[in-house]
Every structure is written in structure tokens, then in C-alpha cells.
Amino acid sequence: MSIVVQGVTKLYREQKALNNVSFEVNTGEIVAFLGPNGAGKTTMMRIITGFIPATSGSVLVNGIDISSDDPEIKSDIGYLPENNPLYPEMYVREYLGFVASMYKKTNSVKKQIDNIIKITGLAAEQEKRIGSLSKGYRQRVGLAQALIHDPGVLILDEATSGLDPNQIIEIRNMIRDAGKEKTILLSTHIMQEVEAICDRVIIIDKGIIVADEKKSDIYKVIKKHRQIIHVEFDRDPEENALKSLRNVVNARQLKTCLWHIEAEGEEDIRPALFAFAVANNLTVLSLQKEKSNLEEVFRHLTRE
């Protein structure tokens, strides 16, 4: 299974939520779809799942246009929306049976439900009303309904929202295992989640794709543009003096004598910091260059 998005634009009257967006997700890939609030992530996911139409462009799932009337393609997509709409008056097992019955699969409904309840850790809650569950367990029910028909494509919008740390690890493992055979597009604000389970990162800002890289390559986006140094002196220098160093764009005190320095450009700022210390009769007690992280990349690409 694959997702192919080709030149998708979405207009809400005069507002352009998506602007000529194109990307692909292939079988066996878990791709993070990141962006600030209002960037167009949820709109794109709703278009991929066929909930809303694009103004222009196309989305192909396994080679079939999602806007067609082919029921087979939509039945092979599992979708967990951000707000996870459920029926609070229904029992967990009853609800999953209701969802499973809408899909024409060869396995018995009971077998499907038993399997997904086991996978999502809902065994102890299966006879409870959904409305009585904690937010974490309701999120599991939402994930269970997305998986109940064993779809080839999974669209997950904030899949681990509201889960405790142990539940997050369990759901991450489940998504990672599913990703070996499925095509998964995952939207999240938790960067550790992307680091833990995703193969590729797509970042969207103001309706435009600003990065589409393998996770191992995404850090190169800012490697040549920004460096962060933590330097500790034997006494505090003048903040304005630090900021006046060439290429330094920010200097702030983390605690007594320890400073966070941000510099732009490819030139290593560390020799200049040593020279600054000598010129100001300071001793450098420690100096550490931070490795780029995904949060830093995200901020760099989506800041105003």
C-alpha cells in the first residue's frame, strides 16, 4: 500500500489551508507529519481519508484516487482523528463490533475483536461503557477502531494523546510493529515519539511542505545554519558583550556562570568564545556544543 499526494490545494473561501502539497508514503514506512497548529496537518489527513475533498490536486491510495466511489480503497484505511469521536453510551466490545461489522472481511467479527482487544490492552475494560473510561483508555478504543479491520494504511492524528508514559511506550511499540507491513502517516506534537518510531519526517508550515527528509538526514537542514554552545566561565561576563560576538544571535544565562549561546553560519564559534574569555580575563571551565535535535529543526523551519 502507498499514499501519493499530488499537488493538493485546499481553500476555505479565501483562506488557503494547503498550497500545492505533494509527497509519498510507501509500504513499511512510518512517516511523521509535523507542523504548528493551523499548518494544515489535520486538513491533509482528512483529505487523504476521504472525509473532505481537495480543492485541486489528487490523493492516490494504492494507485486508486481517494475521491472515486471505490469502497475497497476506503475500507483499507484506518483513521484515528485528533478529537477521537466515540459513542460514550456504548460498551467497548459492543462499539468495536459495530465498527468491525461495517467492513467486509473474511475473518469472523468475534475473532477480529478478540485480537484487537488483546493488541490494544483493552481486555480489562471491554465490558465497560466508553464514557466511563479514562482518557487514556478512550484513546486506546480509538486506536482499536482504526485497526479493527486490519487496514493497509493508517492515518493517526495525535495517537498517544492523553496516555501515561507506560501506555505511550505500549502504543509506540504497537505502531512500530504495525509499520513493518502497513503504510503509516503519524501526526504528533511529541518529538520523542518521532525519534522513537518514525523513519521519515515531513514538516508543513502555513500549508506548504518545508521539509521532507529521512529522520537521519533531517538534522542536516540546520547543521550549516545554526549552532548551540553551552559555556561555563569562572565568573559571569557582560551579556551584551557576548551578544556582540560575530555570528552570535542569542546569549542567555542558564544559571550563575553558565551561558547558552546560539550562533548562525558554518564558522565554529568556539575559538571566538575562547578568545573572548582571554580578552576579558575569564577562564572557560566547560564548553559543550549541542547536537541538533528534532525540536530545534522544527522551530528553525516553522518560526515566523
Side-chain angles (χ1 to χ4, degrees), residues 19-23 29-41 165 168 172 186-304:
N19 186 3
N20 195 30
V21 172
S22 299
F23 62 87
E29 273 194 307
I30 303 176
V31 175
F33 194 47
L34 309 180
N37 292 334
K41 303 186 301 298
I168 287 174
R172 282 179 186 171
L186 170 70
S187 173
T188 181
H189 285 102
I190 305 172
M191 298 303 165
Q192 298 94 318
E193 202 156 275
V194 179
E195 299 276 6
I197 63 176
C198 294
D199 308 302
R200 209 170 101 223
V201 178
I202 297 173
I203 300 177
I204 187 170
D205 186 36
K206 300 180 182 70
I208 299 172
I209 300 294
V210 293
D212 183 353
E213 303 283 349
K214 290 181 179 179
K215 185 175 65 178
S216 57
D217 294 334
I218 192 71
Y219 309 105
K220 296 177 183 177
V221 171
I222 63 170
K223 187 175 181 181
K224 293 182 179 181
H225 303 285
R226 180 157 294 228
Q227 52 190 302
I228 295 177
I229 305 292
H230 284 175
V231 56
E232 184 178 10
F233 301 105
D234 60 333
R235 55 187 175 83
D236 282 319
E238 289 290 330
E239 181 177 335
N240 289 335
L242 270 177
K243 288 182 176 179
S244 68
L245 290 174
R246 194 176 72 167
N247 296 332
V248 170
V249 294
N250 188 30
R252 57 186 173 87
Q253 190 172 13
L254 299 177
K255 62 180 184 179
T256 303
C257 301
L258 181 62
W259 290 78
H260 172 98
I261 310 295
E262 294 181 35
E264 288 187 340
E266 297 184 46
E267 183 182 349
D268 194 336
I269 193 66
R270 288 174 293 183
L273 286 171
F274 276 110
F276 171 82
V278 171
N280 290 273
N281 295 317
L282 299 168
T283 300
V284 175
L285 301 179
S286 67
L287 188 147
Q288 182 177 0
K289 186 174 184 179
E290 283 192 359
K291 292 182 179 179
S292 298
N293 58 49
L294 192 54
E295 185 175 343
E296 184 188 347
V297 174
F298 181 87
R299 286 190 359 253
H300 175 76
L301 293 174
T302 61
R303 64 187 178 183
E304 293 291 341

*Quick check: does any side chain N or O of Lys41 sit under 3.5 Å from a backbone N or O of Pro36, one acting as donor and the other as acceptor?*
yes

*For the side chain of Gln227 and the backbone of Ile269, is there at least one donor-acceptor N/O pair under 3.5 Å apart?*
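Indeed, once roles are kept as given, a pair shorter than 3.5 Å links the two residues.
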
*Heavy-atom count around Arg235 CZ within 6.0 Å, excluding the residue itself: above 12?*
yes

As an exercise, state the distance from [atom1] of [X] to [atom2] of [Y], rounded to the nearest 0.5 Å.
X	Y	atom1	atom2	value
Asn37	His189	CG	NE2	4.5 Å
Ile208	Ile203	CD1	CD1	14.0 Å
Leu186	Glu193	CG	CD	5.5 Å
Asp199	Ile30	CG	CD1	5.5 Å
Ile204	Thr302	CD1	OG1	12.0 Å
Phe298	Ile218	CZ	CD1	11.0 Å

Show me the donor-acceptor pairs within less than 3.5 Å that the side chains of residues 274-285 make with the rest of the protein, sequence neighbours left out.
residue: Asn280; atom: ND2; partner: Phe276; partner atom: O; Å: 2.8

Can you find a pair of side-chain heavy atoms, one from [X] and one from [Y], that are under 4.5 Å apart?
X	Y	answer
Leu242	Leu273	yes
Ile228	Glu262	yes
Phe33	Ile209	yes

Distance-minimising heavy-atom pair for [X] and [Y]:
X	Y	answer
Glu195	Lys215	O-NZ, 2.7 Å
Pro237	Trp259	CD-NE1, 3.4 Å
Ile190	Thr188	N-OG1, 2.9 Å

*Assess the side chains of Glu232 and His230: does a donor N or O sit below 3.5 Å from an acceptor N or O?*
no

Listing, residues 247-258 side-chain donor-acceptor contacts under 3.5 Å, not counting sequence neighbours, or none:
residue: Gln253; atom: NE2; partner: Asp236; partner atom: OD1; Å: 3.1
residue: Gln253; atom: NE2; partner: Asp236; partner atom: OD2; Å: 2.8
residue: Gln253; atom: NE2; partner: Lys255; partner atom: O; Å: 3.3

